[in-house]
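Computed over heavy atoms, backbone and side chain alike; hydrogens, waters and symmetry mates excluded. Note that the coordinates shown come from a computational prediction; the quantities given were computed from them, not determined experimentally.
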Amino acid sequence: MQKTWLILLLAAVLVSCHKDNSADIKKQFITNDHTVNVTFDEQHPGHVIPDTFEGLSFENGVFGQDINYLNENNSVLIQLMKNIGPGIIRMGGGTSDLITWTGSPRSGGTQPDAITTSDIDHLAAFSNATGWPVIFGLNLADNDQDVAADEAAYVSHSLGSSLYAFQSGNEPDAYAPYNHLRNPTYSFGDFLSEWRGYQAAVQKAVPGANFAGPDVAFNTSWITSFTDNEGYEVKLQDGHYYETGPATSAGITYQSILGHSIKLAELIRSFKTSTSKTQPPFRVTECNNVYGGGKVGVSDVFASAIWALDAMWTLADNGCQGINFHTGVGLHYSPVIRENGVFVAKPEYYAMLAFKYGSANGRSIPATIDNSLFCSAHACLVDGKYSVTLVNKSLDKSFDFNIIPGKIISSINVTRLTAPAIDAKTGVTFGGTAVKADGTFGAVTSENSTINKTSFIVTVPAGSAAVVVAQ
């Protein structure tokens, strides 16, 4: 056993209670500036975390930017997605409301702001290669139901069973105030009328088609209202989440994304407050840290991984069905980006690996932590084992997480998400392992220890995280 784990075991013995039963839990609490106590409420388990929780979001315009991006021959990207999958692909973004459906194959004369039958066929083959179904966004800005129905029919024919749902419009709450795609009086009622027109037209062309909505940017009240009105008509309610922005703001640093998120709390509240008797599941279909393409030194450093891991778990704890991190050409916040012609896993991608490892189709259980200023703890039950993800967002303090499950734990396994520094762009690993150039991710290295107590301590250094499996 390594020296560090001898120290860990000694600490666990010193802080654990004298009797190994749940009646003595209070005796196991520790009070000092560098220790946080974590307890579970196993009597009130939450939701099962879907295996498709993690996803990626792409712009429809990516086909015009690079026809080889979402392509069945892009073996590295396919492998990177398999590592964190199965997941869900979301096609949409701002370009989905600016792009023209041609209804014909791509050729040398095809304009960049067009989407073609060739593009959809490549998307279908890519979806099949990854095993990830597709949420597909239609152009609502043009408000042309006939064109949308024709496009939807081709998408459905090409993707077949890989089509998860259609969306109509991207961030319609921003149509008037920011994108100037509608007049200033454009309201939720106007959007709902247009959305219903699209739904009817697409259903006629694709009987039985599934839908998601309203895919809003910031106006969370639209989510509640949409579900109140259309909850029985949609497979999924959805919205977007960006922690801060715009990327051009000089005041944004990596510290800006590590604090408590009011935006995320409001988004969660919105999908829980609908009065609809039919409450479809909720998904964050577009998300990242700094809107406007991401900010260098914030979106592409290890702090983004700490932010992403905590955000994923916060959503999972609250019953969200999944999250799609926005990804693509020239976007600094992309979990996967192409540099010098090669696809590379960025820090945020490692957060996705850690989440998959720590959730694994588990059922979330409430975890209480007594120092939430710098730390968070998220727990779930997987095959009778506790899986606990510990996040230390402090820039300069290590914390001892004193974990108190309330029952005897025989052994623990600790796998760490680390980097050379919180602002590091390279050198990120999960379980001491980095993604290889071909996209593969090998076996992780974990720290193992025998406990045989009702509490134990795991030390998490500043600006890092750990996944603990206890049994």
Side-chain angles (χ1 to χ4, degrees), residues 54-59 61-62 65-66 69 77 80-81 84 90 92-95 170-171 217-218 239-264 267 284-315 323-340 342-355 376 391-395 417-430 434-435 463-465:
E54 296 186 283
L56 295 176
S57 165
F58 299 95
E59 294 280 337
V62 72
Q65 291 178 295
D66 184 352
Y69 199 99
L77 181 57
L80 288 168
M81 292 172 68
I84 54 175
R90 179 261 185 169
T95 56
N170 175 78
E171 301 183 349
F218 60 89
H240 297 179
Y241 161 54
Y242 283 86
E243 179 52 41
T244 189
T248 54
S249 174
I252 294 175
T253 69
Y254 60 77
Q255 296 180 31
S256 304
I257 64 175
L258 294 178
H260 173 72
S261 176
I262 296 174
K263 285 185 176 181
L264 189 55
L267 179 64
V284 180
T285 43
E286 183 178 319
C287 170
N288 230 296
N289 42 65
V290 184
Y291 69 80
K295 187 176 180 68
V296 174
V298 178
S299 303
D300 57 349
V301 301
F302 186 59
S304 69
I306 298 299
W307 164 81
L309 182 60
D310 195 42
M312 281 187 282
W313 269 111
T314 300
L315 287 163
I323 185 170
N324 289 72
F325 289 102
H326 207 44
T327 308
V329 179
L331 302 177
H332 299 297
Y333 49 49
S334 293
V336 176
I337 200 166
R338 188 162 57 187
E339 295 178 341
N340 300 318
V342 178
F343 278 85
V344 178
K346 302 301 284 185
E348 209 169 76
Y349 180 83
Y350 286 87
M352 300 180 79
L353 287 171
F355 181 86
S376 65
V391 182
N392 182 356
K393 293 182 280 187
S394 171
L395 303 182
L417 176 65
T418 61
I422 194 70
D423 59 351
K425 296 184 179 182
T426 59
V428 182
T429 62
F430 177 62
V435 176
S464 71

Set of salt bridge (charged side-chain N to carboxylate O under 4.0 Å, His left out) partners for Lys425, sequence neighbours left out: Asp300
Any donor-acceptor pair under 3.5 Å from Tyr349 side chain to Leu80 backbone: yes
Test item: Ser299 side-chain N/O and Lys295 main-chain N/O as donor-acceptor pair under 3.5 Å: yes
Heavy-atom pair with the smallest gap, counting every atom of Ala305 and Ala351: O-CB, 3.3 Å
Tyr242 and His326 aromatic ring geometry - parallel, tilted or perpendicular at 30°/60° bounds: perpendicular
Main-chain N/O of Ser394 paired to Asn392 side chain as donor or acceptor, under 3.5 Å: yes
Pair listing, salt bridge (Lys or Arg N to Asp or Glu O under 4.0 Å) test, anchored in residues 244-261, at least two apart: none
Test: Glu59 and Arg90 ion pair at under 4.0 Å: no
Considering all heavy atoms, the nearest Ala434-Val428 contact: CB-O, 4.2 Å
Any side-chain donor near an acceptor of the partner, Thr418 and Ser464, under 3.5 Å: no
Test side chain to side chain contact (heavy atoms under 4.5 Å, CB included) applied to Asn324 and Glu286, step by step: CA-CA 5 Å; Asn324 289 72; Glu286 183 178 319; 6.0 Å; no
Pro246 vs Tyr291 side-chain heavy atoms within contact, under 4.5 Å: yes
Heavy-atom side-chain contact between Leu417 and Leu309 under 4.5 Å: yes
Under 3.5 Å donor-acceptor, Ser304 side chain and Val301 backbone: yes
Flag side-chain contact, heavy atom, 4.5 Å: Tyr254 against Asn289: no
Atom of Gly245, atom of Val290 and distance for their closest heavy-atom approach: CA-CG1, 3.9 Å
Flag side-chain contact, heavy atom, 4.5 Å: Ile337 against His332: no
Side-chain donor/acceptor of Thr327 to backbone N/O of Phe325, under 3.5 Å: yes
Side chains of Val391 and Lys393 in contact at under 4.5 Å (non-hydrogen atoms): yes
Reported CD1-to-OG1 distance for the pair Ile257 and Thr244, which is rounded to 0.5 angstrom: 9.0 Å
Side-chain donor/acceptor of Ser334 to backbone N/O of Gly328, under 3.5 Å: yes
Side chain to side chain contact (heavy atoms under 4.5 Å, CB included) between Val336 and Met81, worked out: CA-CA 9 Å; Val336 176; Met81 292 172 68; over 6 Å; no
Test item: Lys346 and Glu339 side chains (from C-beta on) under 4.5 Å apart, heavy atoms: yes
Taking every non-hydrogen atom, the tightest pair across Ser261 and Glu243: OG-OE1, 2.6 Å
Minimum-distance pair of heavy atoms, taken over all atoms of Trp307 and Glu348: CZ3-OE2, 3.4 Å
Check: Phe58 and Leu56 side chains under 4.5 Å, non-hydrogen atoms: yes
Atom pair CG (Leu258) and CD1 (Ile422), whose distance is rounded to the nearest 0.5 Å: 5.5 Å
Taking every non-hydrogen atom, the tightest pair across Thr95 and Gly61: OG1-N, 2.9 Å
Between Ser376 and Asp310, a side-chain donor and acceptor under 3.5 Å: yes
Spatial distance of atom CG (Leu353) from atom CD (Glu54) [nearest 0.5 Å]: 8.0 Å
4.5 Å side-chain heavy-atom contact, Phe302 and Asp423: no
Nearest-0.5 Å distance, CG of residue Leu315 to CG of residue Leu267: 7.0 Å
Aromatic contact, Tyr69 with Phe343 (centres under 6.0 Å): yes
